[in-house]
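Everything on this sheet refers to the single structure shown next.
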Amino acid sequence: MSTPIRIVIADDHDLVRQGIRAFLETHADLAIVGEAGDATSAIELCKAEKPDVALVDLVMPGGGIEATRAIRSASPQTQVVLLTSFEDVQQIVAAVQAGALSCLLKDVDADALAEALRKAAQGEAVLHQRIAARLMDALRRGVEPGSGMLETLSQRERETLALVAEGLSNQLIAERLGIGEKTVKTHVSNLLGKLNVSDRTQAAVYAWKSGMKQRPQG
């Protein structure tokens with residue numbers, strides 16, 4: 001009998017994780033080696049367990065994109081399959097750039113999810129049909145990193161981006177804005193996804209090229 005595919009589930013909703021685990025555990029070739037409710041826990045778990053596949057929620061504390069990037073860095077053999085409720089092509093492209101192999105919508109059929117995990121373990125990508133259609137449309141339209149996306153940032157994300165552009169660390173940004181460092185990490189992850197850039201340097205370049213001059217108030 002072949003060795004089961006080792007899987008980590010990362011989602012901030014307990015019921016979602018429990019439901020996925022309950023289903024996947026009915027398959028002898030799939031083994032759940034751990035669960036995480038946020039990006040930091042998922043990264044540490046993957047670093048320790050080196051699973052074959054990490055099933056990661058795109059929108060969770062710490063950010064699914066940031067988690068993907070760090071997981072792939074800490075455990076290169078781990079393939080990341082993203083689950084999302086949104087068909088936001090900018091975030092999906094950013095996730096793929098961060099290292100995600102596959103991207104599925106949360107309404108995916110249970111059997112299709114299991115098959116996507118099996119394929120991921122073999123290095124085969126799977127995209128939900130609606131996501132694939134949106135990506136193809138984006139390619140035809142020539143979507144570029146950050147194009148038309150600055151206005152989608154929240155006020156706090158714009159303030160964070162302005163400080164990232166000044167080269168401040170998360171700790172210094174947290175002190176300047178009077179918020180927690182974990183909150184800053186979430187804002188950074190979110191704005192990277194919205195701007196469709198893969199790191200802070202690209203975000204900073206975009207901020208200055210856009211002529212953005214906004215600075216946090218008081």
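Quick caveat, the model's predicted, so the values are computed rather than measured. Counting begins at 1 with the first residue of the sequence.
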Counting N and O atoms only, with roles assigned by atom type, does the side chain of [X] sit under 3.5 Å from a partner on the main chain of [Y], one being a donor and the other an acceptor?
X: R6; Y: E49; result: yes
X: R72; Y: T78; result: yes
X: T186; Y: K182; result: yes
X: R17; Y: D11; result: yes
X: S75; Y: I71; result: no

Do you know the tightest heavy-atom contact between [X] and [Y]?
X: A54; Y: C46; result: CB-SG, 3.9 Å
X: P4; Y: A31; result: CB-CB, 3.9 Å
X: K47; Y: A74; result: CE-CB, 4.0 Å
X: V56; Y: A67; result: CG1-CB, 4.4 Å
X: A203; Y: L191; result: CB-CD1, 4.1 Å
X: F23; Y: A114; result: CE2-CB, 3.9 Å

Distance in Å, [X] [atom1] paired with [Y] [atom2], rounded so as to fall on 0.5 Å steps:
X: T68; Y: L101; atom1: OG1; atom2: CG; answer: 11.0 Å
X: M60; Y: S41; atom1: CE; atom2: OG; answer: 8.5 Å
X: D12; Y: D38; atom1: CG; atom2: CG; answer: 8.5 Å
X: I32; Y: L24; atom1: CD1; atom2: CG; answer: 4.5 Å

Practice prompt. Assess whether side chain to side chain donor-acceptor pair (under 3.5 Å) is satisfied between N170 and R200, documenting all intermediate values.
Written response: CA-CA 11 Å; N170 285 349; R200 299 167 74 97; 2.6 Å; yes
Shared hydrophobic cluster, [X] / [Y] (ILVMFWY, side-chain heavy atoms < 4.5 Å):
X: L82; Y: L104; answer: no
X: V16; Y: V59; answer: no
X: V164; Y: I179; answer: yes
X: I43; Y: L58; answer: yes

Would you mind reporting whether [Y] and [X] have side-chain heavy atoms less than 4.5 Å apart?
X: C103; Y: V96; result: no
X: T84; Y: L105; result: yes
X: D57; Y: K106; result: yes
X: I7; Y: P51; result: no
X: R69; Y: L192; result: yes
X: V8; Y: V33; result: yes
X: R118; Y: L30; result: yes
X: L177; Y: L163; result: yes

Item to complete: Return yes when atom NZ of K50 has more than 12 non-hydrogen atoms of other residues, nucleotides or ligands closer than 6.0 Å, and no otherwise.
Response: yes
Discussion item. A quick test of your reading: do over 12 heavy atoms of other residues, nucleotides or ligands sit less than 6.0 Å from NE2 of H13?
Written reply: no
Worksheet item: Among L55, I20, V126, I5, whose side chain to side chain contact (heavy atoms under 4.5 Å, CB included) with L117 holds?
Response: L55
Item to complete: Could you tell me whether E66 and K185 have a side-chain N and a carboxylate O separated by less than 4.0 Å?
Response: no
